[in-house]
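All heavy atoms count here, side chains included; hydrogens, waters and symmetry mates do not. Below, chain A is the first sequence line, B the second, and so on; all start at residue 1.
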There are 2 protein chains.
Amino acid sequence: MAVTLADVAARARVSAATVSRVLSGNYPVAESTRTRVLRAVDELEYVVNGPASALAAATSDLVGVLVNDIADPFFGIIAGAVQAEMVTPAGESGRGGEKLAVICNTGGSPERELNYLTLLQRQRAAALVLTGGAVEHPDHAAAVAAKASRLAASGTRVVLCGRPPIEDATTLTFDNRGGARRLTEHLLTLGHRRIGYVAGPAERTTTRHRLEGHRAALTATGVEQDAERLTVHGLYDRASGYDATLELLRRDRTLTAIVAANDTIALGVCAALRDQGLRIPADVSVAGFDDLPFSADAVPALTTMRLPLHEAGARAGRLALGREPQPPGGVAMVRAELMARASTAPPRG
Amino acid sequence: MAVTLADVAARARVSAATVSRVLSGNYPVAESTRTRVLRAVDELEYVVNGPASALAAATSDLVGVLVNDIADPFFGIIAGAVQAEMVTPAGESGRGGEKLAVICNTGGSPERELNYLTLLQRQRAAALVLTGGAVEHPDHAAAVAAKASRLAASGTRVVLCGRPPIEDATTLTFDNRGGARRLTEHLLTLGHRRIGYVAGPAERTTTRHRLEGHRAALTATGVEQDAERLTVHGLYDRASGYDATLELLRRDRTLTAIVAANDTIALGVCAALRDQGLRIPADVSVAGFDDLPFSADAVPALTTMRLPLHEAGARAGRLALGREPQPPGGVAMVRAELMARASTAPPRG
DNA sequence: CTGTTAGCGCTTTCAC
DNA sequence: GTGAAAGCGCTAACAG
C-alpha cells in the first residue's frame with residue numbers, strides 16, 4: 001500500500017534519512033538536495049505514514065480536545081478556537097507544527113470521558129485539552145486525575161479549560177462562582193427578592209459553582225430563606241429550562257425573576273414564561289450565563305454573564321502546544337462580565 | 001516510556017503474539033491463558049501503543065469528521081451523531097470497535113479542508129466523513145475528489161453527508177433544492193409575491209441549491225422578475241442576516257416576506273426587522289432552513305425546513321464503519337420537511 | 001552535509 | 001493453542 005520514504009529516497013537518489021530530515025525540517029540539508037527531495041515527494045505524491053513516524057519518534061501530532069456536548073455552541077466555540085491555534089504560524093517550515101486537533105464528544109458521560117482518555121493515550125497524543133465542567137463523582141474524579149498524571153508523566157501536555165484545577169495540568173478556570181454572584185447581585189440591586197434558579201445537572205462542577213455564587217449573593221442580602229425551594233435542577237438544555245420554569249411557577253407564582261444556569265436554559269425559561277402569559281421583563285426578569293451568540297438576539301435581549309469562550313479556547317490551544325508561558329501556579333482564572341440587557345428590569349410595583 | 005506488550009507477555013508468562021491475540025480478540029486463545037493475560041494487562045495498566053499497532057496492521061482506528069464550522073449547531077449535531085455511532089455496541093469484545101472519531105473544523109476554508117484530508121491520510125484513518133456544503137471552486141473540487149479517490153483506494157471509507165456525490169464515496173445528500181422550493185411555495189401559497197432572499201456564501205453548493213429551489217418556486221408562479229434584485233448574499237451567520245435585511249429593505253421597502261438560507265441567518269433577519277419597527281409576521285413573514293433547536297423557541301416561532309441532522313449524522317457514521325448497507329448507487333437523499341410555524345402568515349391587505 | 005545502522009511496539013505468517 | 005521470527009515505515013544516534 002502506497003509509496004514510502006524509501007521510494008522517495010530512491011527517486012531523489014539520497015538516503016531515507018535525508019528525506020526524513022528534509023521533511024521534518026529540523027536539520028540542515030543542502031539546498032540542492034532539498035529541492036530534489038521535495039520534487040520527488042511531489043511527483044510520487046508521497047504522504048508521510050503518521051503511525052510509523054509516531055512510533056519511531058515516540059510522539060504523535062495528535063492533540064485531543066474533550067467536550068461535554070459538541071452540539072452546544074458553548075463547546076463548539078471553545079473547541080473551534082483550540083483547533084484554530086493548531087495551524088502552523090506563517091513562516092514556519094511547512095511540516096513542523098501541523099498538529100491534528102481532534103474533538104471528542106463525551107456527552108457528559110464519565111465512562112466515555114475515560115474511554116476517550118484511554119483512546120488518546122493509546123494514540124500517544126501530544127497534548128490534551130479537557131473542556132467544560134467536570135463530573136464530581138469522587139471515583140471518577142480520581143480516575144481522571146490518575147489518567148491525567150500518567151499522561152503528563154509520559155510527556156503529554158494536559159490543559160484544562162473551564163474546569164477546576166488538578167495536579168499535573170495547566171488550568172484555565174472560569175469564574176463561575178464570582179460571575180454568578182455578580183449576576184444575582186444585579187437582580188437584587190434592581191429590587192428583586194423572590195428569585196427562582198434553574199440549575200444544571202447536580203453533579204457538575206460548573207453547576208455547583210454557579211449555584212454557590214447565586215446563593216452567596218442572596219445570603220449577603222439576607223434573602224436566602226427560600227433559596228432551596230426556588231431552585232430546580234435539570235440538564236443544560238432548553239427543554240429543561242422550560243420544564244423547570246413551570247415547576248418554579250407551581251412552587252411560587254409570585255417570583256419576579258429567574259436566573260438560569262446558562263443561556264440555553266434561559267431560552268427555555270423565556271419560552272415557558274411566555275406560554276404562561278407572563279411578560280419579560282415586565283412580569284418576570286430572566287438572566288442567563290455564557291453570552292452565547294444567540295443571546296444578544298433573543299427577544300428581549302438576554303441579560304447574561306459573558307465568558308470569553310473563544311479567547312479561552314485559543315489560549316488553551318497555545319498552552320497545549322507550549323506556545324504560551326504557564327500562568328503562575330499553573331492556574332489562571334477567566335473572568336465573566338455582566339451584560340445587562342433588556343430581559344432584566346426592576347420588579348413591577 | 002511506559003509498559004509494552006512484551007512486559008505484559010513476560011508477566012503473563014506467554015509470548016507477545018498471544019497477548020496480541022487476546023487483545024484483538026480475533027483468534028482462538030485458551031480461556032485460562034486469556035484470563036491470565038487480561039490480569040497482567042490490568043495489573044500493569046497496559047495501554048496499547050496505537051501508532052505501533054497501526055503501523056503493523058496498516059490501519060488505524062481513527063475516523064475523521066470534517067465540518068465547516070463546529071461552533072454552528074448544524075455541524076455540532078451532525079458531528080455529535082457520527083461520533084456517537086463509534087462506540088462499541090454492547091456485547092462486542094471490548095477492543096474491536098473502539099474507533100476514535102475526530103472532528104476537524106475547516107472553517108469553510110478549502111486549504112484547511114485539503115490540509116485535514118492530508119493529515120488524516122497521513123494517519124491512515126479508517127474512514128472519513130465530509131459534512132456540509134462543498135466549496136464549488138473547480139480546482140478545489142478536483143483536488144478533493146482526487147484525495148478522496150486516493151483515500152478510497154487505500155482502503156479508507158469515504159462518506160459524504162450534506163454535499164453532492166463524488167466518485168468513490170458513499171453520499172447522503174440533503175434535499176436542499178426541493179426543500180427550498182417547497183418553503184417558498186409555502187410563502188407563495190400564503191399570498192406573498194414580493195419575497196426577499198438572504199443567501200449564504202456564493203461558492204457553496206448548499207447556497208446554490210437552496211437558492212435554485214427558491215427561484216424555481218418563483219418561476220413556477222411567474223413572479224421571478226425581481227428575484228435577482230431581492231437576493232443578497234452573506235455568510236451563514238446571524239450578522240449577515242441582519243445586514244442583508246437592511247439592504248433588502250433599502251432596495252424594496254414593500255416586500256412582505258424574507259426567506260433566509262438557514263435558521264441562523266433568519267435570526268438576524270428577525271432582529272433587523274424588529275429594529276426597523278416591522279412586526280413578524282404581521283408586516284413581514286420570515287422563514288429559515290434546517291430547524292435547529294433554537295428555531296422552535298424563537299419569537300415568533302420560526303417557520304423552517306426541518307433536516308433530520310441527527311439521523312443523517314448517525315447514518316453517515318454507520319456507513320463509515322461499514323455497519324449499514326450502501327444505498328443504491330451509493331447515494332441517498334435526505335428529505336426536508338416543512339415546519340410551518342408562527343413567523344409566516346398571509347401578507348397584510 | 002549525508003549515509004549506515006538500529007530499533008520504536010505491534011501484528012502476523014509459519015512452524016510446532 | 002502457542003511461540004518464533006520477520007517486518008510495518010520511519011527516526012535518531014553515530015560515523016564519516
Side-chain angles (χ1 to χ4, degrees), chain A residues 1-38 40-41 44-62 95-96 98 121-126 154-155, chain B residues 1-38 40-41 44-62 95-96 98 121-126 154-155:
Chain A
M1 189 203 81
V3 16
T4 75
L5 234 210
D7 300 331
V8 177
R11 173 133 195 157
R13 315 188 131 278
V14 295
S15 72
T18 300
V19 177
S20 172
R21 295 197 263 253
V22 169
L23 260 24
S24 53
N26 54 10
Y27 211 83
V29 174
E31 193 48 37
S32 63
T33 326
R34 153 185 230 79
T35 53
R36 201 144 36 89
V37 168
L38 256 16
V41 166
L44 264 29
E45 297 189 309
Y46 170 68
V47 174
V48 184
N49 182 318
S53 137
L55 172 58
T59 160
S60 84
D61 53 8
L62 238 51
R95 313 228 64 66
E98 307 264 311
Q121 179 183 5
R122 175 186 311 178
Q123 296 297 332
R124 302 302 188 255
S154 69
Chain B
M1 190 202 83
V3 16
T4 74
L5 235 210
D7 300 331
V8 177
R11 174 130 193 158
R13 314 189 133 276
V14 295
S15 72
T18 300
V19 177
S20 172
R21 296 198 259 253
V22 169
L23 259 24
S24 53
N26 53 11
Y27 210 83
V29 174
E31 193 48 38
S32 62
T33 326
R34 150 183 234 81
T35 54
R36 201 144 35 89
V37 168
L38 257 17
V41 167
L44 264 27
E45 296 188 310
Y46 171 68
V47 174
V48 183
N49 182 318
S53 133
L55 172 58
T59 161
S60 84
D61 53 7
L62 238 50
R95 312 228 66 66
E98 307 265 311
Q121 180 182 5
R122 177 186 308 176
Q123 297 297 332
R124 302 299 187 260
S154 70

K.L.:
Taking only N and O in the side chain of A:T18, is any of them less than 4.0 Å away from OP1 or OP2 of C:dT2?
P.N.:
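So the side-chain polar atoms of A:T18 never come under 4.0 Å of the phosphate oxygens OP1 or OP2 of C:dT2.
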
K.L.:
Rounded to whole angstrom units, what separation is found between the CD atom of A:E31 and the P atom of C:dC1?
P.N.:
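Rounding to the nearest Å, CD of A:E31 and P of C:dC1 are 10 Å apart.
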
K.L.:
OP1 or OP2 of D:dG9 sitting under 4.0 Å from any side-chain N/O of A:S53?
P.N.:
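Answer is no, no contact under 4.0 Å.
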
K.L.:
Could you state the CZ-C1' distance from A:R124 to C:dC10, rounded to the nearest angstrom?
P.N.:
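Checked: the CZ to C1' distance equals 11 Å.
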
K.L.:
Determine whether a donor-acceptor pair (N or O, by modelled atom type, separation under 3.5 Å) exists between the side chain of B:S20 and the backbone of B:A16.
P.N.:
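Checked: no pair found.
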
K.L.:
Do A:D7 and A:R11 come close enough that some side-chain heavy atom pair is under 4.5 Å?
P.N.:
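The answer is no, as the side chains (C-beta and beyond) never meet within the 4.5 Å cut-off.
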
K.L.:
Any heavy-atom pair between the side chains of A:T4 and A:N49 that's under 4.5 Å?
P.N.:
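Side chain of A:N49 against side chain of A:T4, heavy atoms only: no contact under 4.5 Å found.
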
K.L.:
Between A:A57 and B:S20, name the one whose nearest nucleotide on DNA chain C is closer to the 5' end.
P.N.:
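In this pair, the answer is A:A57.
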
K.L.:
Is any side-chain N or O of A:T33 closer than 4.0 Å to OP1 or OP2 of C:dT2?
P.N.:
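Yes, because at least one side-chain N or O of A:T33 sits under 4.0 Å from OP1 or OP2 of C:dT2.
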
K.L.:
Contact class for A:A30 (heavy atom, under 4.0 Å): base, sugar-phosphate, or nothing?
P.N.:
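Since only primed, P, OP1 and OP2 atoms lie under 4.0 Å of A:A30, the category is sugar-phosphate.
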
K.L.:
Taking the nucleotide of DNA chain D with the closest heavy atom to each, which residue, A:A54 or B:L55, is nearer the 5' end?
P.N.:
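By nearest-heavy-atom nucleotide position, the 5'-most residue is B:L55.
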
K.L.:
In this structure, how many angstroms lie between the P atom of C:dA6 and the CG atom of A:L5, rounded?
P.N.:
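That distance rounds to 19 Å.
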
K.L.:
Just compare C:dG9, C:dG3, D:dG3 and give me whichever is closest to any side-chain atom of B:A56.
P.N.:
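Side chain of B:A56 sits closest to C:dG9.
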
K.L.:
Between D:dA12 atom C1' and A:N26 atom CG, what is the distance in whole Å?
P.N.:
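Taking CG of A:N26 and C1' of D:dA12, I get 10 Å after rounding.
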
K.L.:
Counting the atoms with a prime plus P, OP1 and OP2 as sugar-phosphate, which does B:V19 contact under 4.0 Å by heavy atoms, base, sugar-phosphate, or nothing?
P.N.:
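Nothing, no nucleic acid heavy atom in range.
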
K.L.:
Side chains of B:V41 and B:V47: closer than 4.5 Å at any heavy-atom pair?
P.N.:
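No, every pair of side-chain atoms sits at 4.5 Å or beyond.
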
K.L.:
Rounding to a whole Å, what distance do you find between B:Q123:CD and D:dG9:P?
P.N.:
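Spelled out: CD on B:Q123 to P on D:dG9 is 16 Å.
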
K.L.:
Is the shortest side-chain N/O distance from B:S15 to OP1 or OP2 of D:dT2 below 4.0 Å?
P.N.:
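No, B:S15 has no side-chain N/O under 4.0 Å of OP1/OP2 on D:dT2.
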
K.L.:
How long is the line joining CZ of A:R13 and P of C:dC1, in whole Å?
P.N.:
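Whole-Å distance recorded here is 22 Å.
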
K.L.:
Given B:R124 and B:L55, is the side chain to side chain contact (heavy atoms under 4.5 Å, CB included) satisfied, shown in steps?
P.N.:
CA-CA 9 Å; B:R124 302 299 187 260; B:L55 172 58; over 6 Å; no

K.L.:
A:P28 or A:A17: which one's nearest nucleotide on DNA chain C is closer to the 5' end?
P.N.:
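By nearest-heavy-atom nucleotide position, the 5'-most residue is A:P28.
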
K.L.:
How long is the line joining CZ of B:R21 and P of C:dT11, in whole Å?
P.N.:
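So the two atoms are 11 Å apart, to the nearest Å.
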
K.L.:
Over how many whole Å does the gap from B:Y27 atom OH to C:dC10 atom C1' extend?
P.N.:
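That distance rounds to 16 Å.
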
